[in-house]
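To start, the structure under review is shown below, and the notes come after it.
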Amino acid sequence: MTDVAALLADLRDEGAELDALVARLPADRWSTPTPAPGWTVAHQIAHLAWTDDWSLRSVRDPATFHPAATELLSGASEFEGIVDDAAAAGAALPPAELLDRWRQGRGEVLAALAGVPPETRLPWFGPPMKAPSMATARIMETWAHGDDVAQALGAERKPTARLRHIAHLGVRTLGFAFSAHGLAVPTEPVRVELTGPGGEEWSWGPAEAADRIAGPALDFCLLVTQRSHPDDLALRVSGPVATAWVPIAQVFAGPPGAGRESHKRS
């Protein structure tokens with residue numbers, strides 16, 4: 001059985017790590033551009049606050065989630081536009097107010113998820129999920145947007161064992177990545193073998209699988225969150241399914257992402 005308390009502790013710690021990067025940031029540095037086109041540090045934090053708001057609606061008032069989401073999407077040409085508009089609205093707030101909003105929201109998410117019954121499935125923009133899956137998704141998003149913030153500020157973040165949650169979600173979303181691109185979901189298994197930050201070995205899939213991905217856990221997490229181009233990562237890939245998966249890997253809900261340009265390209 002999944003240890004929800006441990007997951008929530010990791011979610012709390014992931015948020016605290018990002019909080020430490022921005023807590024004492026001068027107001028003018030909140031407008032520092034990040035690797036996400038058009039998004040500043042403030043946009044990144046605003047997006048996390050926005051998704052926390054939707055997470056709370058999913059837990060506290062699930063009956064209204066899909067009607068509210070349908071209304072949100074009804075006048076939009078694409079989901080990305082809604083996400084960008086919400087981030088821009090949050091980024092327009094004074095930094096101190098935005099920081100307080102994010103802190104309050106993520107604290108409420110921790111408390112709300114702790115009280116969700118084990119078998120309850122929570123509505124979301126993608127498939128419904130149980131509390132452990134939602135907590136894992138919040139860890140992933142906090143880490144990924146935290147990576148953008150760290151790059152923008154020139155800060156180095158030490159990889160932690162929390163990467164295992166993101167890697168697990170990355171493996172679980174293989175089928176989603178193919179479906180999002182209008183491709184048939186492969187039936188062949190993929191073996192993923194990763195080395196964690198402390199040298200520990202993490203693996204998914206049958207050991208005898210012909211399709212394989214291996215390498216540093218950090219690089220796999222950067223791949224599935226589309227924070228780095230595959231050419232810039234030290235991943236060893238073999239087999240047709242694994243090879244096809246790498247350029248489209250996507251752990252987050254929504255339409256296919258554009259990914260990042262390779263630093264190796266001139």
Checklist entry - side chain to side chain contact (heavy atoms under 4.5 Å, CB included) between V224 and L169: does it pass, once the steps are laid out? => result CA-CA 9 Å; V224 298; L169 196 58; over 6 Å; no
Next on the checklist: Show every salt bridge (charged side-chain N to carboxylate O under 4.0 Å, His left out) that has at least one partner inside residues 180-207, sequence neighbours left out.
Outcome noted: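 Non-adjacent pairs meeting salt bridge (charged side-chain N to carboxylate O under 4.0 Å, His left out): R191-E193, E193-R212.
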Item to check | Of all pairs that satisfy salt bridge (charged side-chain N to carboxylate O under 4.0 Å, His left out), the ones with a partner from residues 56-70, not counting sequence neighbours | outcome: R60-E108
Item to check | salt bridge (charged side-chain N to carboxylate O under 4.0 Å, His left out) partners for D148, two or more places apart | outcome: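 If we apply the salt bridge (charged side-chain N to carboxylate O under 4.0 Å, His left out) test to D148, skipping adjacent residues, the hits are R227, R260.
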Item to check | For W202, all residues meeting ring-ring contact (aromatic ring centres under 6.0 Å, His included), sequence neighbours excluded | outcome: none
Checklist entry - Listed by chain and number, what are the ring-ring contact (aromatic ring centres under 6.0 Å, His included) partners of F176, not counting sequence neighbours? => result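 If we apply the ring-ring contact (aromatic ring centres under 6.0 Å, His included) test to F176, skipping adjacent residues, there are no hits.
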Just wondering, do [Y] and [X] contact through their side chains at under 4.5 Å, heavy atoms?
X    : Y    : result
R157 : W143 : yes
E17  : T142 : no
V237 : W245 : no
L222 : L218 : yes
F220 : L163 : no

[X] side, atom [atom1]; [Y] side, atom [atom2] - distance, nearest 0.5 Å:
X    : Y    : atom1 : atom2 : answer
D19  : R103 : CG    : CZ    : 4.0 Å
L72  : I82  : CG    : CD1   : 4.0 Å
R164 : L194 : CZ    : CG    : 9.0 Å
W54  : F65  : CH2   : CZ    : 5.5 Å
C221 : H168 : SG    : NE2   : 12.0 Å
S55  : L113 : OG    : CG    : 7.0 Å

Next on the checklist: As a quick check of understanding, evaluate side chain to side chain contact (heavy atoms under 4.5 Å, CB included) for L235 and V246, giving each step before the final call.
Outcome noted: CA-CA 10 Å; L235 295 173; V246 164; 5.8 Å; no
Next on the checklist: Can you list, by chain and residue number, the hydrophobic cluster partners of L18 when the side-chain cut-off is 4.5 Å?
Outcome noted: L21, V22, L25, W30, V41, I45, L48, L93, L98, L99, W102, V149, L153
Checklist entry - Is a side-chain donor-acceptor pair under 3.5 Å present for D147 with Q151? => result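 Note: Q151 and D147 side chains meet the donor-acceptor criterion.
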Name all residues meeting the side chain to side chain contact (heavy atoms under 4.5 Å, CB included) criterion together with [X]; count only those two or more places apart in sequence or in a different chain, and write none if there are none.
X    : value
A96  : none
P206 : P189, E208, A209
P26  : D28, R29
P62  : P123

Checklist entry - Donor-acceptor pair, T70 side chain versus H66 backbone, under 3.5 Å? => result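 A pair under 3.5 Å: yes.
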Next on the checklist: Has H229 got a side-chain atom pairing as donor or acceptor with D231's backbone, closer than 3.5 angstrom?
Outcome noted: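 Yes; judged by distance alone, with no hydrogens or angles, the pair exists.
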Under 3.5 Å, which donor-acceptor pairs link side chains of residues 6-14 to any protein atom two or more places apart or in another chain?
unit_1: D10; atom_1: OD2; unit_2: H165; atom_2: NE2; d: 2.6
unit_1: E14; atom_1: OE1; unit_2: R162; atom_2: NE; d: 2.5
unit_1: E14; atom_1: OE1; unit_2: R162; atom_2: NH2; d: 3.4

State, to 0.1 Å, how close [X] and [Y] come at their nearest heavy-atom pair, and which atoms those are.
X    : Y    : answer
L233 : S228 : CD2-CB, 3.7 Å
D211 : P240 : OD1-N, 3.0 Å
A36  : Q44  : CB-NE2, 3.6 Å
A249 : Q226 : O-NE2, 3.1 Å
P247 : P230 : CA-CG, 4.4 Å
A87  : W39  : CB-CZ2, 3.6 Å

Pairs of donor and acceptor atoms involving the side chains of residues 126-139, under 3.5 Å and at least two apart or interchain, shall be tabulated with distances.
unit_1: K130; atom_1: NZ; unit_2: E119; atom_2: OE1; d: 2.9
unit_1: T136; atom_1: OG1; unit_2: P132; atom_2: O; d: 2.8
unit_1: R138; atom_1: NE; unit_2: D52; atom_2: OD1; d: 3.2
unit_1: R138; atom_1: NH1; unit_2: T51; atom_2: OG1; d: 3.4
unit_1: R138; atom_1: NH1; unit_2: E141; atom_2: OE1; d: 2.7
unit_1: R138; atom_1: NH2; unit_2: T51; atom_2: OG1; d: 2.9
unit_1: R138; atom_1: NH2; unit_2: D52; atom_2: OD1; d: 3.0

